[in-house]
Amino acid sequence: MTSYVNLIAKKLSGEINREEAQSLQAWLDLSSENELLFYRLKDAWHKGKYTPTIQNQEQTFEKIAAQLGLDQKESVLIPREHGDGFWHYGRRVAAVILLVLGATLSFVWYNDHPGADKPAENAQAAIISKRTPRGQKSLITLPDGSRVKLNAESYLEYSEDFVQSRQVKLVGEAFFEVVRDTLHPFVVTAGAVQIRVLGTSFNVQAFPFEENMAVAVASGAVWVEKKSKEYGRQASQLQPREMVEVNHKTGSIEKKNFDPNELLAWKDGLLLLQNASFDEIVQKLERWYGVDFIIHRTQPITDGFTGRYDNPSLEIVLEGMSFSSDFTYTLQDDKVIIE
């Protein structure tokens, strides 16, 4: 079995030793794709949001195993944290990933999606990649002068000859301010979705392993297109204050209006929570502050929480949440323990 799968299994089950942990960290440092994949699996594992059963599991595993580099002949026995017994982790990794995403393959980093167009690339040109880990954001100026605000836990990739072929690939979330060039359209590829513009500003939210992705236009016009064997060709043109949501599970594309003060607040350092569930808040705070939540509390927190914060500290957010939702918390390094 591919070594990193063993390392992830041991890490998630709490059985990894120091040498193995160093090897895993080295693998994570190789690329943003590795880092994002690990954190999404870790998220799902600890929150118990999956079970190791899906329809046509064997056939589905065969398809995804090749893309993930899994050895299909081996397996590793590790203890399951949420329940009794053991899992054959090698064959469950694919099922876990699929279930987190709603049993689709659209998350598979930069492999071609069946039936989807992929921008042509110059094989001779070097690839430039930018990434932001959890807890950080960055501002990137592209060679044509376009600017990109890259959210935490996100990855941007473009070719060295970008000015001649304005194409980027995105995993995560970014706000684009595109310099107008009628001869060279600006193309963003996010999984199976392509966004084409000439000059405009817009937001793309395409975090891996989340059920929905969204494209929202602040100014100008944007063309959004998705092609796949399952759902055919779907396209929509967006004007300012319009957005589309793409549901990976159903394949649907829904067009609607949005409030820029809410959806685009993150790029200005505003943390906005609108009647959000506790799970939604935890996911956002882990990404925003680069921390891990450990939930010891047995009674679920079901109340929605609303708040608007301007570049807040984590303590300020937790104080407000703990008061309204009646829980206690402890901060230990990069961990938040909820009691």
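Residue numbers run from 1 in the order of the sequence given.
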Subject >> From CA spacing to verdict: side-chain contact (heavy atoms from CB on, under 4.5 Å), Asp181, Val179 >> reply: CA-CA 6 Å; Asp181 184 344; Val179 171; 5.7 Å; no
Tell me, do [X] and [Y] make a side-chain contact under 4.5 Å, heavy atoms counted?
X: Val148; Y: Leu142; value: yes
X: Leu156; Y: Ile140; value: yes
X: Val317; Y: Leu285; value: yes
X: Met213; Y: Val193; value: yes
X: Phe175; Y: Glu177; value: yes
X: Ile195; Y: Val187; value: no
X: Arg166; Y: Asp144; value: yes

Not counting sequence neighbours, which residues clear side chain to side chain contact (heavy atoms under 4.5 Å, CB included) with [X]? List them please.
X: Glu242; answer: Leu238, Gln239, Lys255, Asn257
X: Thr141; answer: Arg147
X: Ser23; answer: Leu7
X: Arg241; answer: Pro260

Original post:
How far apart are the C-alpha atoms of Lys137 and Thr132, what are their side-chain angles, what is the distance that settles it, and do they pass the side-chain contact (heavy atoms from CB on, under 4.5 Å) test?
Top reply: CA-CA 6 Å; Lys137 300 177 181 67; Thr132 50; 5.6 Å; no
May I ask whether [X] and [Y] are part of the same hydrophobic cluster, defined by side-chain heavy atoms of I, L, V, M, F, W, Y residues being less than 4.5 angstrom apart, directly or through others?
X: Ile338; Y: Ile294; result: no
X: Val217; Y: Leu198; result: no
X: Val188; Y: Ile253; result: yes
X: Trp288; Y: Ile337; result: no
X: Leu273; Y: Leu270; result: no

[X]: side-chain hydrogen bond (donor to acceptor under 3.5 Å, both in side chains) partners, not counting sequence neighbours:
X: Arg180; value: none
X: Gln25; value: Asp29
X: Ser201; value: Ser219
X: Gln22; value: none

**OP:** Name all residues meeting the ring-ring contact (aromatic ring centres under 6.0 Å, His included) criterion together with Phe202; count only those two or more places apart in sequence or in a different chain, and write none if there are none.
**Re:** Phe176
**OP:** Just jot down the ring-ring contact (aromatic ring centres under 6.0 Å, His included) partners of Phe162, sequence neighbours excluded, or say none.
**Re:** Tyr158, Phe186
**OP:** Any side-chain hydrogen bond (donor to acceptor under 3.5 Å, both in side chains) involving residues 259-268? Give me the pairs, sequence neighbours left out, ordered by first then second residue.
**Re:** Glu173-Trp266, Asn203-Trp266, Glu262-Gln274
Subject >> Contact list for residues 326-337, test side-chain hydrogen bond (donor to acceptor under 3.5 Å, both in side chains), sequence neighbours left out >> reply: Glu319-Tyr329
Subject >> Under-4.0 Å salt bridge between Arg233 and Glu225 >> reply: yes
Subject >> Test: Arg134 and Asp292 ion pair at under 4.0 Å >> reply: yes
Any donor-acceptor N/O pair, [X] side chain to [Y] backbone, under 3.5 Å:
X: Asp161; Y: Gln164; answer: no
X: Thr189; Y: Gln194; answer: no
X: Ser154; Y: Leu150; answer: no
X: Lys284; Y: Leu272; answer: yes

Subject >> Atom of Ser159, atom of Ile127 and distance for their closest heavy-atom approach >> reply: CA-CD1, 4.2 Å
Original post:
Between Phe207 and Gly172, what is the shortest heavy-atom contact and its length?
Top reply: CD2-CA, 3.4 Å
**OP:** Evaluate the criterion side-chain contact (heavy atoms from CB on, under 4.5 Å) for residue pair Ile128 and Glu157; output intermediate values, then yes/no.
**Re:** CA-CA 6 Å; Ile128 300 171; Glu157 179 182 286; over 6 Å; no
Original post:
Can you tell me if CD on Glu315 sees more than 12 non-hydrogen neighbours from other groups inside 6.0 Å?
Top reply: yes
Original post:
Are Phe327 and Met321 close enough, and set up right, to give a side-chain contact (heavy atoms from CB on, under 4.5 Å), and what steps lead you there?
Top reply: CA-CA 8 Å; Phe327 65 80; Met321 289 178 56; 3.9 Å; yes
**OP:** Please report the C-alpha distance between Ser277 and Asp279 in whole Å, then the side-chain angles of each, then the deciding distance to 0.1 Å, and finally whether the side-chain hydrogen bond (donor to acceptor under 3.5 Å, both in side chains) criterion is met.
**Re:** CA-CA 5 Å; Ser277 70; Asp279 282 348; 5.6 Å; no
**OP:** Measure the NZ-OG distance between Lys226 and Ser252 for me, rounded to the nearest 0.5 Å.
**Re:** 9.0 Å
